[in-house]
Each structure stands twice: as C-alpha cells, then as structure tokens.
There are 2 protein chains.
Amino acid sequence: MLHEEVVGRIRAILLDGEIPPGARIPERELCDRLQISRTPLREALKVLAAEGLVHLLPHRGSRAAKLTDKDMRDLFEVCQGLEALAGELACERITDGEIDEIATAHASMVQHYREGDLIQYYRGNRAIHEAIVAAAGNPVLSGLYASVTARIRRARYVTPMSPQRWAFAVSEHEAILNALQRRDGVGLSHILRAHLRHKREEVLQAGFAETDGSELALKIA
Amino acid sequence: MLHEEVVGRIRAILLDGEIPPGARIPERELCDRLQISRTPLREALKVLAAEGLVHLLPHRGSRAAKLTDKDMRDLFEVCQGLEALAGELACERITDGEIDEIATAHASMVQHYREGDLIQYYRGNRAIHEAIVAAAGNPVLSGLYASVTARIRRARYVTPMSPQRWAFAVSEHEAILNALQRRDGVGLSHILRAHLRHKREEVLQAGFAETDGSELALKIA
DNA sequence: AGCCCTATTTTTGCATGCAAAATTCGAGTA
DNA sequence: TACTCGAATTTTGCATGCAAAAATAGGGCT
C-alpha cells in the first residue's frame, strides 16, 4: 500500500467520524486493520496532523482533532475566501462546456430539492462547488480548498435545513449559476461569499461544534 | 529533538536554497547533520511533501520541489486571495495599538527605502504583510498563508526592483497603511491584490521560476 | 472510604536491520 | 568510441526491537 493511500484511508476514517473527534487514535488497531506496521502509520499521522485533522501530543499519542466553534468559524471564513477567489478565476477561465456541465449538475440538484432528497441534494451541491473550484485552473487553490473543506465537510453537508432556508439556498444557487453563465466574476464571488456566510451561520446556530467522545455520548443519550 | 523542530530545520534548509530546487535530498547526510535516524527524518520529509516543499518519488527518494512559472503564478494568485481576505478581516478586528505598530513598521520601512537598503526594506515589508494577516485573528488563515508564502518567499523578497518600481511599491504601501487606518476593508483588500499582482508580474518577468541544480549552474556560469 | 505513593504494564519514539527496488559500474560487442 | 546487458552497490521502504515516558493498578496511610 502506497503512502498516499495510507493517508487517504486514515483521513476517510476520521472524516467518517469512525474515530470520533477528540478520541485517541488506536495505533496498534489501525496497524492491524490496514495491514501495515507502525512506521508508515505514524508517517501518515504526522501528515494528517500537519493538515489539522489530528492532534499530536508528545509522548501521549495522537487524537482525532476536535473543532471548536472558533475553529469552525475560522475554517468557514477561509473557505469563503477561497471560493470567492475560485469564482472570480473560474469566470475568467471556464469553458462553455464546463459551464454546461455545471448547469446540468445544477438542474439535477434542483430536482433532488423538489423531491426533498437532502442527501442527494447535498451531494450535487458539493459537486457544483468543487467544479467551480476546479474551473479556476489553479492546483494550489484546489489543494487548499480540499484540505479546508474536508475539515468542515460533515458540518456543511449534514446539517439539516428548514424549508425556508433550503428554498433560499436553492435560489442562491440559481444566482451562482447565473453569474457563472454571464462570467461575472465579481458578482459570483459576492454570491459565493454570502452563500457560505449563510451556511456558516446555520451550522453554528445548529451547535455543530464537534465534541469529544464523552460529550457525544451525552448527546446521544 | 522534537518532530516539529526537525520539520522546521529541514524547511529552513530548503527555503535557504541550501538544497537547491530539484536537487536530491541526501537522507543519510541530513541524518548525520541533524543527529537523528532515518525514521524521524522521513516523517519530516512526508510532512514537507504534503506542504509542497518536497517531491516524493516512489522508490526514488525525495527532491526539493522546483517551481515552474505556472506554480509561481498559482501561488501568487492564492496569496493574493489570502491577503485580500486577511485585509478585510483585519480592518474589522485590528486594535488601535496594532495599527500603531504597523504604522511604526511602515515608517521604518520607508526609511530603509530612502537609504536604498533593499534587504532591510524587504524585511520590514514582509513584517507588515505578516502583521496584517496576524491581525485578521484567524489561525487557519495564518497557517495557510505561512505555507503559501514560504514557497514564494525567495522570489518575492529577493527579486531586485527598478527605482520606479520600488517607488511605486512604497506608494502602494502608503495606501495600504491608509486603508488600514481608515479600517476600509474593501479598499485594503483591493490595494493588497493589486500590490501582489504587480509583484507577481515583476517576479515572472524577472524569470524567477526555479531551476534545478544543473540549470542553476548554467545561469551562474 | 479517600488519598498518595510506588511497582507493573502499556505506549510512545526512535534506531536498526533486512528485503526489494533502483542506480551504478564494467565487461563485452559492434 | 559508443552502446548494451548484467552483476555489484546503493538506496529506499518497512518491520521490528529497545529504551524512555506515561498510564495503570495496587497497597499502605490517614
């Protein structure tokens, strides 16, 4: 198994919440599961620590990172900046074909909205945001965006929405598509920022800051 | 020696160009120099690879990353976005005391300009940009900024400037300080973007894309 | 019982060793 | 001389083992 694959698999385990935020990362257990020894596992953990997904405590092992409200706010803030930049750049560089693809994805997402399928709606939603970032044609930007969005993915794409809020989010997406089709970079960047600001308020209001295992147990109980 | 220290020291070696871009990273030699074994060294190299400072080639070791013109453009583009965001946030959050500190740093930088001391000018310049980012009060942003700017540091703060260009850069900095003092976030973000765009054009025009050891040898010869 | 101090166990962090892959070197050929 | 093919050497990637630190358990004390 390649180094990048190890990193990817552990990342997935963390993002899925299989190891809940704040919980200790069972080194030995992961070694057994991934069929690797401690050396490559620990290499991967250090990389994930640099990404912010893992906290390393000297001589005390590693824990799945736990996001506070402040972390969440900071991450959304940066995400707004990155998507705004991506929107502007995308409008300069996107091809007609790519716009058509996004329009198709948009239509499909709206269909899921009409059907009330939140899971599929979120899936399409995320694909659109990622397509816009990809259209910016800047791999550095794509990389930072991937790293930042990974950390807020669950909050962003799991939080339930009120019918009003959902309807409004869809209308924002209409505006996003529209600005993209007009290649209005400044307009698109403003809409994206507002769109994400709203999402952030929603997430924080829902109290989605991550808890450690014990608090989680309390919440579930 | 702590893990973070190992990463830091290797990063410094790479940023100083002691191991030139494109050159092979001599594992054994670094082990001797840092007085550590291969295990912690390799952990650090994987982290630096995730940061983009090192390229890992499976079964072929690691090399100091080499920036192409495109990489440089992409990095500056993202840097523009990050500084613009930082400028807006800073105007919302910066204290009067912090503004005074930046004003002092600015005055000192202008003095270095008058004295024609480019090295000291760049040092002060960098301190101001970093202070603005710090004033944004967003550690996630600060982290990404640090990582992006590290990669373009040499290009950004080493390229010589024509007298006209230097004078203009100073005038841009006057405007930056002014916007900050007026807490004009939108204005500041525009100035910062333009400022960085000009710097990027300058750097690319100077042909600062990084070369590998052999090309470097040719340039020096 | 509650608390603290010590002995045992577990876990961490790193050096080392070994198999596999890649690179280098050299002999043989054209 | 230039080139190719193959053996020797070096380097990489990982499993393992060991010393040090931390967590845990247990016994004695108040």
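Side chains included, hydrogens not; waters and symmetry mates left out as well; all remaining heavy atoms used.
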Revision key, fill the gap. Separation of D:dC14 atom P from B:E27 atom CD, nearest Å, is 12 Å
Review point. Got a sec, which residues hit salt bridge (Lys or Arg N to Asp or Glu O under 4.0 Å) with A:R183, two or more places apart in sequence or on another chain?
Key: A:D96
Review point. Which whole-number value in Å describes the distance from B:L56 CG to D:dT11 P?
Key: 18 Å
**Study point:** Distance, rounded to the nearest Å, where B:L34 contributes CG and C:dC14 contributes P
**Key:** 13 Å
Review point. With B:H173, which residues qualify under ring-ring contact (aromatic ring centres under 6.0 Å, His included), at least two apart?
Key: B:H129, B:H195
Review point. Under 3.5 Å, is there a donor-acceptor pair between the side chain of A:Y122 and the main chain of A:T159?
Key: yes
Point to revise | ring-ring contact (aromatic ring centres under 6.0 Å, His included) partners for B:H59, two or more places apart | key: none
Review point. A:H59 has an atom NE2; how far is it from atom C1' of D:dA21, in whole Å?
Key: 6 Å
Revision key, fill the gap. Interatomic distance, CG@B:D71 vs CG@A:N138, rounded to 0.5 Å, equals 9.5 Å
Exercise for review: May I have the distance from A:R63 (atom CZ) to D:dA23 (atom C1'), rounded to whole angstrom?
Suggested key: 12 Å
**Study point:** Interatomic distance, A:I36 CD1 vs D:dT16 C1' [rounded to whole Å]
**Key:** 15 Å
Practice item. Grab the CG-C1' distance between B:L2 and C:dC14 for me, whole Å please. Key: 13 Å
Check your understanding: Could you state the interatomic distance from CZ (A:R24) to CD (A:E29), rounded to the nearest 0.5 Å?
Key -> 12.0 Å
Check your understanding: Checking B:H106 side chain against B:I102 main chain: does a donor-acceptor pair fall under 3.5 Å?
Key -> no
Check your understanding: When you check every protein heavy atom under 4.0 Å of nucleotides 5-11 of chain C, what one-letter string (B, S, -) results, 5' to 3'?
Key -> ------S
Exercise for review: Would you confirm whether B:K199, through its side chain, and B:R156, through its main-chain N or O, come within 3.5 Å as a donor-acceptor pair?
Suggested key: yes
Revision key, fill the gap. Testing D:dA15, C:dA15, C:dA22 for proximity to the side chain of A:S37, the answer is D:dA15
Study note, to complete from the structure: So, with a heavy-atom separation below 4.0 Å from DNA chain C, the residues of residues 38-49 of chain B are B:R38, B:T39, B:P40
Point to revise | Selection residues 3-16 of chain A - residue pairs positive for side chain to side chain donor-acceptor pair (under 3.5 Å), sequence neighbours left out | key: A:R11-A:E51
Revision key, fill the gap. Atom CZ of B:R28 and atom P of D:dT9 are separated, to the nearest Å, by 17 Å
